[in-house]
J.: 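Here it is: the structure, laid out below.
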Amino acid sequence: MTNGGYSLSESNSWGLKSPSNVDWVLNNDFASIALDDAAILAKLRRGRQGYMMTQRYPEQYNSILATAPGINWDRMMLGLLYPQVVINQKQIYPPFCEIDTFSAATISACDELNGVKDGFILDLSTYNFNPITIVDQPFNCSSTRKSRILSVEGAIIVTAAWSSVRT
């Protein structure tokens with residue numbers, strides 16, 4: 001990561017000519033020209049940044065491997081926000097350890113269904129697992145050192161998190 005040769009402060013005023021007056025030349029330098037300088041040194045970029053760099057500075061590269069760009073931010077941000085909306089609308093605040101327990105149970109139930117036991121579920125929609133089926137089972141919460149019971153409310157939240165926005 002580069003700071004483009006600028007000192008950054010907690011006030012974030014480094015990118016302003018004056019209060020509320022953005023220094024666009026400085027910001028452009030920080031956002032892409034400094035990355036070009038880094039590309040000269042490292043020849044390494046990924047994702048959206050890799051695509052941008054090869055579009056702006058194609059002469060820096062003799063080949064390109066830019067993977068996993070975050071180009072669908074509009075959908076991704078809604079997907080990330082949706083569980084919080086459900087949490088706040090329903091006033092349900094399950095502890096993290098309950099969410100982790102639902103996740104661990106789901107991985108345990110579905111992991112090998114794709115033929116590989118690797119601790120990952122890439123596409124939960126291809127499996128028929130409903131967190132409601134494990135409600136009322138006990139689990140230990142290591143952060144509070146208390147035994148708890150998986151709740152319907154927790155199942156609602158993890159289902160919202162895993163299913164994302166529905167229109």
Side-chain angles (χ1 to χ4, degrees), residues 1-3 8 10 12 30-32 34-36 38-39 41-58 60-167:
M1 193 65 148
T2 177
N3 67 0
L8 302 178
E10 289 193 25
N12 293 325
F30 184 75
S32 68
L35 290 174
D36 180 44
L41 299 172
K43 298 284 186 196
L44 175 64
R45 289 287 155 248
R46 299 185 296 271
R48 277 181 311 121
Q49 203 173 52
Y51 289 141
M52 180 193 76
M53 295 303 298
T54 55
Q55 289 170 341
R56 290 187 182 180
Y57 307 105
Q60 297 289 358
Y61 304 92
N62 60 13
S63 63
I64 301 166
L65 176 59
T67 60
I71 56 177
N72 295 311
W73 278 66
D74 56 335
R75 288 172 285 214
M76 185 187 79
M77 294 312 287
L78 284 175
L80 293 173
L81 181 64
Y82 180 67
Q84 289 299 313
V85 170
V86 173
I87 285 170
N88 289 320
Q89 281 181 339
K90 296 189 179 288
Q91 299 290 300
I92 298 171
Y93 305 99
F96 290 126
C97 57
E98 183 173 11
I99 293 170
D100 289 343
T101 302
F102 275 112
S103 296
T106 304
I107 290 170
S108 177
C110 301
D111 185 29
E112 291 186 72
L113 296 179
N114 67 353
V116 180
K117 184 173 180 159
D118 55 9
F120 294 99
I121 299 174
L122 296 179
D123 184 4
L124 192 58
S125 67
T126 61
Y127 305 107
N128 189 21
F129 184 82
N130 186 345
I132 266 311
T133 61
I134 59 171
V135 164
D136 293 332
Q137 291 187 14
F139 71 98
N140 292 318
C141 188
S142 61
S143 62
T144 62
R145 297 179 187 182
K146 292 183 181 178
S147 182
R148 301 179 65 117
I149 302 292
L150 291 171
S151 66
V152 172
E153 293 81 6
I156 290 168
I157 297 307
V158 297
T159 300
W162 296 341
S163 63
S164 193
V165 181
R166 297 280 190 253
T167 57

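The analysis underlying the following values was restricted to heavy atoms, covering all of them including side chains, and did not include hydrogens, waters or symmetry mates.
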J.: Would you please test Gln137 and Phe139 for side-chain contact (heavy atoms from CB on, under 4.5 Å) and show each step?
T.: CA-CA 7 Å; Gln137 291 187 14; Phe139 71 98; over 6 Å; no
J.: Could you name each residue pair satisfying disulfide bond (SG atoms under 2.5 Å apart) that touches residues 72-101, not counting sequence neighbours?
T.: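 For residues 72-101, and leaving out neighbouring residues, the disulfide bond (SG atoms under 2.5 Å apart) pairs sorted by first residue read Cys97-Cys141.
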J.: Check whether any side-chain heavy atom of Ile87 sits under 4.5 Å from a side-chain heavy atom of Ile92, and report yes or no.
T.: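 The answer is no; the side chains never approach within 4.5 Å.
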J.: Testing the basics here: between Ile121 and Ile107, what is the closest heavy-atom pair and its distance to 0.1 Å?
T.: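 That closest heavy-atom pairing would be CD1-CA, 3.6 Å.
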J.: Can you give me the closest heavy-atom contact between Ile134 and Leu150, atom names plus distance?
T.: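 Answer, listing the atom of Ile134 first, then Leu150: O-CD1, 3.4 Å.
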J.: At their closest point, which heavy atom of Gly154 faces which heavy atom of Phe102, and how far apart are they?
T.: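 It is C-CE1, 3.6 Å.
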J.: Between Val85 and Gln89, is the side-chain contact (heavy atoms from CB on, under 4.5 Å) condition met? List the steps.
T.: CA-CA 6 Å; Val85 170; Gln89 281 181 339; 3.8 Å; yes
J.: Test Ile156 against Lys90 for side-chain contact (heavy atoms from CB on, under 4.5 Å), laying out the working first.
T.: CA-CA 10 Å; Ile156 290 168; Lys90 296 189 179 288; 3.9 Å; yes
J.: So, taking the atom named OH in Tyr127 and the one named CG in Leu113, what distance separates them when rounded to the nearest 0.5 Å?
T.: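 With rounding to 0.5 Å, OH (Tyr127) is 6.0 Å from CG (Leu113).
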J.: Taking CG in Asn88 as the centre, count heavy atoms belonging to other residues, nucleotides or ligands within less than 6.0 Å. Is the count above 12?
T.: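 Correct, the count exceeds 12.
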J.: Would you say Glu98 and Ser151 make side-chain contact, with heavy atoms under 4.5 Å?
T.: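 In contact.
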J.: To the nearest 0.5 Å, how far apart are CG in Asn140 and CZ in Arg145?
T.: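 Those atoms lie 12.0 Å apart.
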J.: Check disulfide (SG to SG under 2.5 Å) between Cys110 and all other residues, then give those that pass, not counting sequence neighbours.
T.: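 With neighbours one apart ignored, the set is empty.
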J.: Suppose the criterion is side chain to side chain donor-acceptor pair (under 3.5 Å): which pairs have a residue in residues 107-116, not counting sequence neighbours?
T.: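 Of all non-adjacent pairs touching residues 107-116, none passes side chain to side chain donor-acceptor pair (under 3.5 Å).
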J.: Testing the basics here: between Ala161 and Pro83, what is the closest heavy-atom pair and its distance to 0.1 Å?
T.: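 Smallest interatomic distance, heavy atoms only, reads CA-CG, 3.4 Å.
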J.: Would the number of heavy atoms belonging to other residues, nucleotides or ligands and lying under 6.0 Å from CZ of Phe96 be above 12?
T.: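 At most 12 heavy atoms, drawn from other residues, nucleotides or ligands, come within 6.0 Å of this atom.
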